[in-house]
Colleague: 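What follows is a structure written as structure tokens; I'll ask about it next.
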Amino acid sequence: MRTNFDFSPYRRSTVGFDRLFDLLETGMRGDGVDGYPPFDIERQGEDSYRITLAVAGFRPDEIEVVAQQNQLTVTGKRAEDKDEGQYLHRGIAARPFERRFQLADFVEVRSACFDNGLLRIDLQRVVPEAMKPRKIEIGGGSPANDRIEAPKEENRQAA
């Protein structure tokens, strides 16, 4: 069964969509992500979103959130436990992780908070004023103002 989709016909007939096609091709490959840590993506309004990651066992100072261009990266690395006891079973994940999220154009990180083992990252789409649609007023002028006058006879003779 073929799982890849060939985007080359679309790449030939479109301009400026390379990033979109790259994202679609990367998403179809799966990138070998193991699903850790689990996360939710919630739409809270027309232009606001929240990503919630379950990071039990990590402290806020062991987690780093970096937003760069259109990518959000969340990295966690636990500090070494000095007085480790003798574990019979260790089910709480302590391994380091890195989770990447592709952000759409004009999506900015507003805040990040850590509460009860959950990391919440609030995002907002902020479209610049230049990109927003605007209504153009249509002016009505009198036909007399639109005419170009010929130079007066006196000015032509002086020249």
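Position 1 is the first residue of the sequence; numbering continues from there. For the numbers below, each heavy atom of this structure counts, side chains included, while hydrogens, waters and symmetry mates do not.
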Colleague: What pairs meet the salt bridge (charged side-chain N to carboxylate O under 4.0 Å, His left out) rule with one or both residues in residues 112-122, with sequence neighbours excluded?
Modeller: Arg50-Asp122
Colleague: Between Val66 and Thr75, is any pair of side-chain heavy atoms under 4.5 Å apart?
Modeller: no
Colleague: Search all heavy atoms of Tyr36 against all heavy atoms of Arg95 and return the closest pair with its distance.
Modeller: CB-NH2, 2.9 Å
Colleague: Heavy atoms, side chains only, cut-off 4.5 Å: are Ile121 and Leu72 in contact?
Modeller: yes
Colleague: Between Ala54 and Pro37, which heavy-atom pair has the shortest distance, and what is it?
Modeller: O-CB, 3.3 Å
Colleague: Side chains of Arg110 and Leu123: does their closest heavy-atom pair fall under 4.5 Å?
Modeller: no
Colleague: If you round to the nearest 0.5 Å, how far is CD1 of Ile63 from NZ of Lys77?
Modeller: 14.5 Å
Colleague: Heavy-atom distance under 4.5 Å between the side chains of Val126 and Gln124, does that happen here?
Modeller: yes
Colleague: Please tell me whether Val65 and Phe97 are part of a single hydrophobic cluster in this structure, the criterion being side-chain heavy atoms less than 4.5 Å apart.
Modeller: yes
Colleague: Determine, using the 4.5 Å side-chain heavy-atom cutoff (strictly less than), whether Val55 and Leu118 are members of one ILVMFWY cluster.
Modeller: no
Colleague: Contact between Thr73 and Glu98 at the side-chain level, heavy atoms closer than 4.5 Å - yes or no?
Modeller: yes
Colleague: Kindly indicate whether the side chain of Asn70, heavy atoms from C-beta on, has any atom under 4.5 Å from the side chain of Asp105.
Modeller: yes
Colleague: Ala67 and Val109: which non-hydrogen atoms are nearest, and at how many Å?
Modeller: CB-CG2, 3.8 Å
Colleague: To the nearest 0.5 angstrom, please state how far the CZ atom of Arg90 sits from the CD1 atom of Ile92.
Modeller: 8.5 Å
Colleague: For the residue pair Leu103 and Gln71, establish whether any side-chain heavy-atom pair is separated by less than 4.5 Å.
Modeller: no
Colleague: Determine whether the side chains of Tyr49 and Arg125 contain a donor N or O and an acceptor N or O closer than 3.5 Å.
Modeller: yes
Colleague: For Glu62, check salt bridge (charged side-chain N to carboxylate O under 4.0 Å, His left out) against everything at least two apart and list the hits.
Modeller: Arg59
Colleague: Checking the side chain of Arg78 only, and the main-chain atoms of Gly57 only, is there a donor and an acceptor separated by less than 3.5 Å?
Modeller: yes
Colleague: Quick one: ring-ring contact (aromatic ring centres under 6.0 Å, His included) pairs with a partner in residues 99-122, sequence neighbours left out?
Modeller: Phe39-Phe101
